[in-house]
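First listed ligand is number 1; within each ligand, the first listed atom is number 1. Throughout, residue positions are numbered sequentially from 1 according to the sequence presented. Remember, it's a predicted structure, so these values are computed and weren't measured experimentally.
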Amino acid sequence: MSPSEMTAVVTGAGSRRGIGRATAHTLAAAGWNVAVLDLDEAGAKETADEAAGTHGVRATGLACDVTDATSVEAALATLDGALPPVGALVNNAGITSPVPFLEVDDAEWERVFAVNVRGAYTITRRLAPGMAERGFGRIVFLSSVSAERGGGVFGGVAYSAAKAGQLGFARALARELGPHGVTVNSVAPGLIDTDITGGALEGEKKTALLAGIPVGRNGRVEDVADLITYLCRPETGYVTGATYDVNGGSHIH
Ligand code: NAD
């Protein structure tokens, strides 16, 4: 099947300057129909309208809280039949947290895991069976360099642990779904210029971080979106269980 006969679901793609919105665009440019799910319904609809208007694909933007199984179920039920079958899922919805471990409480720990790990589980659990049944699927997780090097950019222990949890999730899922034509990969971005830190990473701290990036700049959302779109191609069927760094060389290991 070609992307034009399938739909790519991108979670957390409502954010105006976010990786998800850029990914919805690059996927649409590659011919995918796109379903945009986000807490921010207006943002999700805006992304979908842009993707459809610019690239001539079918696109829908829906309100969805990935931490709430009922909300996920409702959004996916709306998609069923309205768009072509889901061939790709980008688990992009995520939140970060700078809280030091000696100050973190149970609620903060759970908040971070709820979106990054349980949210990815809930929607993947719902979409993977259809992919396996149809014999084709592409699943991409947005992990982070924080998972590999133990934070040190902005995220604290909870964020690093959750993003590392995603890596194990993706690798184990790749083994299980490989025989069904479904690949599962992760991307691990470094510092990408978006609004995820809510403006908290500016000034001297940012200058110091940039000094440690060999390519001499922070990442752009397009840098990540292009890679995700590559991993979703039907032709990229022999890459699975992999983790791709997109960090300008800031973490070479
Ligand atoms: P962003 O804040 O711009 O976008 C995140 C989106 O997720 C927002 O639109 C938000 O509304 C949505 N979201 C949050 N909670 C949600 C929920 N419960 N249900 C549905 N949607 C929800 O962030 P971004 O920088 O574009 O990050 C995208 C992904 O990339 C995240 O998983 C993040 O952890 C990861 N990442 C980002 C960076 C970076 O430097 N920006 C680095 C490494 C990894």
Side-chain angles (χ1 to χ4, degrees), residues 9-25 35-48 61-76 89-98 110-123 140-149 151-156 158-167 169-170 186-202 205-206 209-210 213 217-225 227-228 243-248 250-251:
V9 173
V10 188
T11 66
S15 175
R16 189 155 285 127
R17 297 190 335 110
I19 294 167
R21 186 176 294 217
T23 301
H25 273 285
V36 177
L37 275 47
D38 203 296
L39 277 180
D40 173 3
E41 183 175 16
K45 289 192 184 306
E46 196 177 276
T47 304
L62 296 168
C64 176
D65 179 353
V66 296
T67 69
D68 177 350
T70 309
S71 170
V72 169
E73 194 59 46
L76 297 181
L89 166 63
V90 183
N91 280 316
N92 172 76
I95 54 170
T96 188
S97 163
E110 166 57 20
R111 188 180 76 89
V112 174
F113 270 72
V115 181
N116 292 296
V117 183
R118 186 160 50 75
Y121 157 74
T122 300
I123 192 158
V140 180
F141 285 74
L142 266 292
S143 180
S144 169
V145 68
S146 295
E148 300 172 318
R149 65 188 294 266
V153 180
F154 179 78
Y159 183 69
S160 295
K163 289 302 187 187
Q166 287 187 334
L167 293 184
F169 181 171
S186 303
V187 298
L191 180 62
I192 310 296
D193 186 22
T194 73
D195 295 326
I196 196 167
T197 59
L201 200 57
E202 292 302 329
K205 192 158 185 219
K206 188 164 184 180
L209 281 169
L210 289 178
I213 302 177
R217 63 168 175 85
N218 60 320
R220 303 180 184 118
V221 289
E222 293 79 12
D223 295 323
V224 188
L227 176 59
I228 294 169
T243 303
Y244 280 79
D245 291 341
V246 201
N247 61 34
S250 60
H251 181 58

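- In this structure, Lys163 contributes its side chain and Leu142 its backbone to a donor-acceptor pair below 3.5 Å.
- In this structure, Thr67 has a heavy atom closer than 4.0 Å to ligand 1.
- Looking only at heavy atoms of the protein, atom 34 (O) of ligand 1 is closest to Tyr159 OH, 2.6 Å.
- The shortest N or O to N or O distance between Asp40 and ligand 1 is not under 3.5 Å.
- Among all protein heavy atoms, the one lying closest to atom 18 (N) of ligand 1 is Asp65 OD1, 2.9 Å.
- Between Pro189 and ligand 1, no N or O atom pair is found at a separation short of 3.5 Å.
- The closest approach between Phe154 and ligand 1 stays at or above 4.0 Å for every heavy atom of the residue.
- Put simply, no part of Ala13 is less than 4.0 Å from ligand 1, judged by heavy atoms.
- Considering backbone and side-chain N/O atoms, Ile19 comes within less than 3.5 Å of an N/O atom of ligand 1.
- When only interatomic distances are considered, the shortest N/O to N/O separation between Gly190 and ligand 1 falls below 3.5 Å.
- Taken to the nearest 0.5 Å, the CG atom of Asn247 stands 8.0 Å off from the CD1 atom of Ile213.
- A side-chain contact (heavy atoms from CB on, under 4.5 Å) with Val246 holds for exactly one of Val145, Asp223, Ile228, Ile19; it is Asp223.
- At a heavy-atom cutoff of 4.0 Å, ligand 1 is contacted by both the backbone and the side chain of Asn92.
- Protein heavy atom at the shortest distance from atom 3 (O) of ligand 1 is Ser15 OG, 2.6 Å.
- Counting only heavy atoms of the protein, atom 23 (O) of ligand 1 lies nearest to Ile196 CB, 3.4 Å.
- The closest approach between any non-hydrogen atom of Arg17 and ligand 1 is not below 4.0 Å.
- Heavy-atom distances between Ser143 and ligand 1 reach below 4.0 Å in at least one pair.
- Checked by distance only, ligand 1 and Val145 stay at 3.5 Å or farther apart across all their nitrogen or oxygen atoms.
- The closest approach between a heavy atom of Leu39 and any atom of ligand 1 is below 4.0 Å.
- Once rounded to the nearest 0.5 Å, the distance linking CZ of Arg21 with OG1 of Thr194 reads 13.0 Å.
- At least one heavy atom of Cys64 sits less than 4.0 Å from an atom of ligand 1.
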